[in-house]
K.L.:
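I have a structure I would like to understand better, so I am pasting it below and will then ask my questions one at a time.
Just follow the structure's listing: the first ligand is 1, and inside any ligand the first atom is 1.
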Amino acid sequence: MNNKIIANDNPMITTMDVSAVTITKKDKMGTSGTRLKAPEFNRPGFHPRMNQAICDHWHGLSVEQQGNKVVIVGGDPRNGNPKRIQEAALIAAANGFKPIVPKDNGLAPTPAISAAIMTYKAMGGIIETASHNPAEDVGIKTNLSYSRGAGPALEEVTEDIFVKLQDVKDTKILNMTYSEAVEKGLIQEVDMVKVYVDFMKKIFDTEIIKQGFKGKPFQLLLDPMHGASGPYAKALCAEFGIKLDMINAEPLPFFGPENEHRHPEPEPRYLEELIGKSSAYNLSGGYDGDGDRNLHYEGKRNITAGDLAALMAEHYGILPIKEQIFKGGQVVMGRSIVSTSQPDLAIERLQREGQDIKMVATPTGFKFIAELGNFGFEESNGHGNPWHGEKDGMFATMFQLYLMAKTQKTLDQLLQEIYKKDGRAYFTRGGITCPKDATTQRIMGIINNPPKEIAGFKVLDARIFNYKSPVTGLETKNAAYMFKLESPTGDILTLSMRFSGTGTGDPLLRTYVDCVKKGEDQISARLDKALDYVRPVANEIVGKVVEFPELDFYAKEG
Ligand code: G1P
Ligand code: ZN
């Protein structure tokens with residue numbers, strides 16, 4: 001790469017020739033940004049070229065959409081990110097934008113970047129993260145502007161960025177060090193921890209939490225998995241007067257000791273330390289590398305993604321949000337189609353009781369939920385809120401604390417009330433690596449010509465899930481393959497399948513099962529049973545043995 005000063009132009013700007021970088025489909029932003037193995041991501045020129053493509057996308061926006069031209073640039077502590085964050089800020093500044101970067105190496109969880117976009121009314125954000133991916137991966141994503149809710153970039157944006165990425169020849173970058181750019185005021189550094197805590201204080205009434213736990217020996221345990229959330233969660237709890245213990249709090253480049261690369265994903269198999277200690281705590285929670293996912297336990301009891309979503313559906317009214325989100329008067333919650341129907345049961349009941357509330361099922365990818373502008377969740381343990389358009393692990397913790405403080409009940413008590421009214425949905429997901437084209441063909445063969453039965457299960461419905469956004473009208477085709485089945489014992493199950501869009505290895509077919517059981521006979525519908533039932537069907541559809549290694553992720557019930 002040759003850097004050259006642009007003649008007759010601004011001497012503070014240099015261009016880097018990045019035309020030699022070969023761009024392939026793998027470089028396109030997928031379910032949530034671009035994620036690659038580190039050597040691929042680090043190939044010379046790729047990172048500047050990607051950032052230039054993001055800037056070129058921004059250049060194409062209208063003056064109104066560009067607004068104040070402020071962009072928030074930050075990321076998780078993943079190996080090499082502090083440098084990437086500086087480079088991204090230098091490129092954004094050279095392109096005429098006004099980067100705001102968290103002090104302390106640019107470290108910020110994804111939801112804090114979104115909160116900052118809202119706070120500064122910014123035109124967007126660049127987030128250097130591969131989220132929950134293993135320490136060997138590197139990634140980048142971009143978020144929308146204040147005026148568009150600060151959530152993850154929509155497909156129209158990622159499409160455009162990919163078009164631009166293929167066109168980029170030169171990347172503009174400031175012709176100075178990062179520190180010099182900060183000194184000259186071309187890049188602004190801020191205390192992002194404070195920005196985030198102040199943002200949360202507008203949502204959660206400090207006094208309600210303080211009073212709610214007054215005189216109680218309430219103890220919280222958090223595990224940020226050495227990701228971006230540690231300093232943020234610590235400050236948040238201090239502000240709200242929550243007694244906090246933490247493990248794996250320090251942000252680290254490999255999410256653990258240098259010789260022990262870890263997987264910063266809040267699943268039971270990676271949260272053993274937290275789970276081992278959880279019985280001594282009223283609430284414990286783990287977050288992924290960039291702090292947008294969560295997994296919580298009340299004592300030993302796992303609060304599943306669907307449980308927490310059902311609590312949000314049932315108790316959304318405890319937060320002062322009415323005017324802010326329910327613009328049309330209606331409460332709209334979003335969930336990915338492949339997730340559990342537990343909150344749907346609550347919402348259907350609330351509808352019967354006359355509340356103006358509905359659930360929208362979306363494709364996988366939080367961007368689809370975020371654009372609905374409300375509460376929502378994904379099967380992979382990400383919960384969003386109406387304030388900043390991103391899923392947010394710390395918001396999930398705060399919501400649960402707030403709910404307990406307000407109602408003076410435990411989460412389990414509140415959930416038992418819900419199950420009693422609605423029954424219970426049992427859910428898990430599994431996966432299998434298989435060739436994409438051949439497997440898709442096989443599944444499509446079954447959908448186009450569904451048999452009456454598969455492995456003894458009645459096939460009630462077999463279809464493709466196509467989605468049309470109620471906000472933008474944009475269509476997303478082939479978002480999932482859906483099978484509605486009746487088991488030999490009369491249980492109704494939804495089996496859904498889709499290929500993962502975040503993996504960096506062989507194609508991974510994700511397989512999800514949701515089984516609703518009403519009434520008293522809940523033991524027989526425990527998830528492991530539902531899975532044992534449905535496994536032969538999944539195997540037959542795919543033509544290979546589907547494994548459900550992530551059973552525990554969702555199945556730990558109290
Ligand atoms: C995975 C999750 C999905 C989530 C995404 C980004 O995507 O399954 O729910 O939106 O990570 O966090 P997938 O690999 O399934 O495409
Ligand atoms: Zn994440």
Side-chain angles (χ1 to χ4, degrees), residues 26 28-36 74-78 81 108-114 127-135 137-141 143 151-155 158 224-229 232 255 263-267 270 286-295 305-306 309 334-340 361-371 376-384 389-396 427-433 436 476 478-481 496-512 549-550 553-554:
K26 275 176 37 184
K28 191 176 172 201
M29 295 194 178
T31 315
S32 185
T34 293
R35 295 182 198 173
L36 298 169
D76 67 31
R78 202 170 277 269
N81 268 356
T110 292
I113 301 240
S114 283
I127 311 172
E128 305 275 354
T129 178
S131 187
H132 59 279
N133 278 37
D137 293 353
V138 179
I140 184 167
K141 57 186 181 182
N143 272 34
L154 302 173
E155 265 177 355
T158 54
M225 305 188 88
H226 292 300
S229 311
Y232 288 75
F255 306 102
H263 198 131
E265 181 163 14
E267 289 188 14
Y270 305 122
Y287 307 130
D288 75 335
D290 67 328
D292 55 356
R293 290 191 186 188
N294 75 91
L295 186 60
R335 74 162 172 97
S336 54
I337 182 90
V338 296
S339 62
T340 173
T362 71
T364 295
F366 198 73
K367 52 189 175 241
F368 296 104
I369 297 167
E371 69 172 9
F377 84 108
E378 292 189 289
E379 76 294 344
S380 50
N381 272 356
H383 298 79
E390 265 292 359
K391 38 191 195 189
D392 186 341
M394 286 177 281
F395 179 93
F427 177 81
T428 192
R429 84 171 171 183
I432 183 171
T433 51
K436 198 165 178 179
T476 305
N478 300 330
Y481 310 109
S496 42
M497 293 173 170
R498 54 176 281 281
F499 277 95
S500 161
T502 62
T504 53
D506 291 337
L508 175 69
L509 183 74
R510 296 205 192 273
T511 303
Y512 310 80
E550 297 175 32
F553 186 17
Y554 306 100

K.L.:
What residue and atom, counting heavy atoms only, is the protein's closest point to atom 7 (O) of ligand 1, and at what distance?
P.N.:
T502 CG2, 3.4 Å
K.L.:
Any idea which heavy atoms bring P77 and H226 closest together, and the distance?
P.N.:
CG-O, 3.6 Å
K.L.:
Looking only at heavy atoms, what is the nearest atom pair of H132 and R293, with distance?
P.N.:
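Nearest pair, atom of H132 first, then R293: CE1-NH2, 2.9 Å.
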K.L.:
If you measure every N/O of E379 against every N/O of ligand 1, is any gap under 3.5 Å?
P.N.:
yes
K.L.:
Judging by distance only, is a nitrogen or oxygen of R510 under 3.5 angstrom from one on ligand 1?
P.N.:
yes
K.L.:
F368 and I337: side chain to side chain contact (heavy atoms under 4.5 Å, CB included), yes or no, with the steps?
P.N.:
CA-CA 11 Å; F368 296 104; I337 182 90; over 6 Å; no
K.L.:
Decide yes or no for T476 and E155: does some side-chain heavy atom of the first lie under 4.5 Å from some side-chain heavy atom of the second?
P.N.:
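Yes. Closest side-chain heavy atoms under 4.5 Å.
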K.L.:
Has ligand 1 got any nitrogen or oxygen that is less than 3.5 angstrom from a nitrogen or oxygen of K391?
P.N.:
yes
K.L.:
What are the atoms of ligand 1, with element, lying closer than 4.0 Å to any heavy atom of H132?
P.N.:
11 (O), 12 (O)
K.L.:
Under 4.0 Å from a heavy atom of S380: give me the atoms of ligand 1 that qualify, with their elements.
P.N.:
2 (C), 3 (C), 4 (C), 9 (O)
K.L.:
Which residue owns the protein heavy atom closest to atom 10 (O) of ligand 1, what's the atom, and how far is it?
P.N.:
E378 OE2, 2.5 Å
K.L.:
Could you tell me whether K391 and D288 make a salt bridge, using a distance below 4.0 angstrom between a side-chain N and a carboxylate O?
P.N.:
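Answer for the salt bridge query: no.
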K.L.:
I need the nearest protein heavy-atom contact for atom 16 (O) of ligand 1: residue, atom name and distance, please.
P.N.:
G501 N, 2.6 Å
K.L.:
Nearest heavy-atom pair of A130 and G139: which atoms, and what distance?
P.N.:
CB-N, 3.5 Å
K.L.:
Geometry only, no angles: is S32 polar-contacting ligand 1 at N/O separations under 3.5 Å?
P.N.:
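No; the residue has no nitrogen or oxygen that sits under 3.5 Å from a nitrogen or oxygen of the ligand.
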K.L.:
Could you tell me the separation between the CZ atom of R35 and the CD1 atom of I140, rounded to the nearest 0.5 Å?
P.N.:
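Answer rounded to 0.5 Å: 12.5 Å.
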K.L.:
Please give the atom name: the N, O or S atom of D288 nearest to the Zn ion (ligand 2).
P.N.:
OD2
K.L.:
Say whether G365 and ligand 1 are in contact under the criterion: heavy-atom distance to a ligand atom below 4.0 Å.
P.N.:
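It does; at least one heavy atom falls under 4.0 Å.
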K.L.:
Looking at the Zn ion (ligand 2), which N/O/S atom of D290 is the nearest one?
P.N.:
OD1
K.L.:
To the nearest 0.5 angstrom, please state how far the CD atom of E379 sits from the OG1 atom of T428.
P.N.:
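Result: 11.0 Å between the selected atoms.
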K.L.:
Could you pull out, from K141, R429, R498, the option with a heavy atom nearest to atom 8 (O) of ligand 1?
P.N.:
R429
K.L.:
Do you know which two heavy atoms are closest between N294 and G393, and how far apart they sit?
P.N.:
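Heavy atoms of N294 and G393 come nearest at CB-CA, 3.8 Å.
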K.L.:
Rounded to 10°, how big is the angle at the Zn ion (ligand 2) from D292 OD1 to S131 OG?
P.N.:
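Output for this angle: 160°, rounded to tens.
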K.L.:
Distance check, rounded to the nearest 0.5 Å: I127 atom CD1 versus N81 atom CG?
P.N.:
11.5 Å
K.L.:
Do me a favour and list the nearest non-hydrogen protein atom to atom 11 (O) of ligand 1 with residue, atom name and distance?
P.N.:
R293 NH2, 3.0 Å
